[in-house]
Asker: 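The structure that follows is given in the form of structure tokens.
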Amino acid sequence: MTPPDRGRRWAMLVLGVYATFGAIVALVPRPIDEGLTPWLRGVLSFLRRHGLAGWIDYDLVEYASHAVLFAPLAILAVVAFGRRMAWLAVILLLGACALVEAAPSWWMVDHDPSSADLALNVIGAIAGAVVGFWAATPTDSAMRRSRVPTR
């Protein structure tokens with residue numbers, strides 16, 4: 001097994017674990033941070049007293065979490081699928097972005113899909129896909145190792 005194949009297998013494994021975790025976080029029928037909200041607000045308050053910019057608040061962290069959830073997922077997907085199939089990884093991720101935003105409204109009466117949340121999901125997925133595409137680029141040394149000597 002060549003080193004790139006090994007890396008893609010590891011990326012697939014980690015992608016599966018992360019996607020499962022992400023699905024649980026995104027689709028659980030209650031806010032995932034329900035018990036952590038007071039703690040998180042306290043940590044942010046402490047950090048603001050010690051130099052953190054005032055505009056970094058709970059709402060920003062909550063919105064940023066949408067992009068942060070999808071960026072690593074996209075990196076792993078593109079690396080696992082490889083550069084040639086990166087387009088398929090991106091299409092599947094964009095579908096997952098829409099599904100994650102729409103699905104809770106199917107079983108929760110008081111949940112309406114948010115276009116802002118969907119946009120943040122998509123931004124995270126696209127940013128992660130770009131990083132994943134860059135990370136999946138073979139290096140010069142890897143290309144030299146994989147060449148078959150010609151005689």
Side-chain angles (χ1 to χ4, degrees), residues 1-139 142:
M1 182 181 325
T2 63
D5 290 339
R6 194 175 321 129
R8 286 179 66 183
R9 287 178 189 245
W10 274 106
M12 281 286 206
L13 175 67
V14 175
L15 174 63
V17 171
Y18 188 84
T20 301
F21 170 74
I24 291 167
V25 168
L27 300 176
V28 72
R30 63 175 176 72
I32 197 72
D33 64 343
E34 190 173 57
L36 296 175
T37 302
W39 176 83
L40 183 56
R41 287 183 191 274
V43 167
L44 288 170
S45 177
F46 172 82
L47 291 174
R48 272 195 301 277
R49 286 192 307 271
H50 291 86
L52 183 69
W55 54 269
I56 300 176
D57 60 0
Y58 179 80
D59 291 333
L60 177 70
V61 171
E62 196 273 327
Y63 280 120
S65 68
H66 291 277
V68 170
L69 176 69
F70 276 93
L73 187 65
I75 292 168
L76 290 167
V78 170
V79 170
F81 279 56
R83 292 190 81 200
R84 270 188 272 155
M85 297 298 287
W87 61 270
L88 179 59
V90 171
I91 289 172
L92 291 173
L93 286 163
L94 294 178
C97 289
L99 180 65
V100 160
E101 198 50 43
S105 66
W106 299 337
W107 60 79
M108 291 191 314
V109 178
D110 62 341
H111 183 271
D112 293 320
S114 164
S115 58
D117 291 352
L118 177 59
L120 290 164
N121 292 352
V122 168
I123 288 168
I126 290 173
V130 168
V131 171
F133 194 78
W134 171 77
T137 303
T139 63

Asker: Would His50 and Phe46 count as a ring pair (Phe, Tyr, Trp, His ring centres under 6.0 Å) if you check the C-alpha gap in whole Å, the side-chain angles of each, and the deciding distance to 0.1 Å?
Answerer: CA-CA 6 Å; His50 291 86; Phe46 172 82; 4.2 Å; yes
Asker: At what distance, to the nearest 0.5 angstrom, does CH2 of Trp134 lie from CD1 of Ile75?
Answerer: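 With rounding to 0.5 Å, CH2 (Trp134) is 9.5 Å from CD1 (Ile75).
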Asker: Decide yes or no for Arg48 and Leu44: does some side-chain heavy atom of the first lie under 4.5 Å from some side-chain heavy atom of the second?
Answerer: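 A side-chain contact under 4.5 Å exists here.
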Asker: Apply side chain to side chain contact (heavy atoms under 4.5 Å, CB included) to residues Val79 and Trp10 and explain how you reach the verdict.
Answerer: CA-CA 10 Å; Val79 170; Trp10 274 106; over 6 Å; no
Asker: Go through it in stages, so that I can follow the logic: the residues are Met85 and Trp87, the test is side chain to side chain contact (heavy atoms under 4.5 Å, CB included), and I'd like the CA-CA distance, side-chain angles, deciding distance and then a yes or no.
Answerer: CA-CA 5 Å; Met85 297 298 287; Trp87 61 270; 4.2 Å; yes
Asker: Rounded to the nearest 0.5 Å, how far does CD1 of Ile126 lie from CG of Asn121?
Answerer: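 Answer for the CG-CD1 pair, Asn121 versus Ile126, is 11.0 Å.
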Asker: Report the distance from atom OG of Ser114 to atom CG of Leu120, rounding to the nearest 0.5 Å.
Answerer: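 If we round to the nearest 0.5 Å, Ser114:OG and Leu120:CG are 8.0 Å apart.
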Asker: Leu15 and Ala80: which non-hydrogen atoms are nearest, and at how many Å?
Answerer: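 The answer is CD2-CB, 4.2 Å.
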Asker: So how far is it from His66 NE2 to Cys97 SG, rounded to the nearest 0.5 Å?
Answerer: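 It comes to 11.0 Å.
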Asker: If every non-hydrogen atom of Ala129 is compared with every non-hydrogen atom of Val90, which pair is closest and at what distance?
Answerer: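 Residues Ala129 and Val90, closest heavy atoms: CB-CG2, 3.7 Å.
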Asker: Could you tell me the separation between the CG atom of Leu93 and the CG atom of Leu99, rounded to the nearest 0.5 Å?
Answerer: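 Between atom CG of Leu93 and atom CG of Leu99 there are 12.0 Å.
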Asker: Taking atom CZ of Arg41 and atom CG of Asp57, what is their separation to the nearest 0.5 Å?
Answerer: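 Between Arg41 CZ and Asp57 CG, I get 8.0 Å after rounding to 0.5 Å.
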Asker: Within a reach of under 6.0 Å around CZ of Arg84, are more than 12 heavy atoms found that belong to other residues, nucleotides or ligands?
Answerer: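 Count not over threshold, so no.
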Asker: How close do Ala125 and Phe70 get, heavy atom to heavy atom, and via which atoms?
Answerer: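 Here Ala125 and Phe70 meet closest at N-CB, 3.7 Å.
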Asker: Could you report the tightest heavy-atom contact between Val78 and Ala86, atom names first, then the distance?
Answerer: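 For Val78 and Ala86, the tightest heavy-atom pair comes out as CG1-CB, 3.9 Å.
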Asker: Compare all side-chain heavy atoms of Tyr18 with those of Leu69 and state whether any distance is below 4.5 angstrom.
Answerer: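 In short, these two side chains touch, coming nearer than 4.5 Å.
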Asker: Hey, does Asp117 have a side-chain heavy atom less than 4.5 Å from the side chain of Tyr63?
Answerer: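 Yes. Closest side-chain heavy atoms under 4.5 Å.
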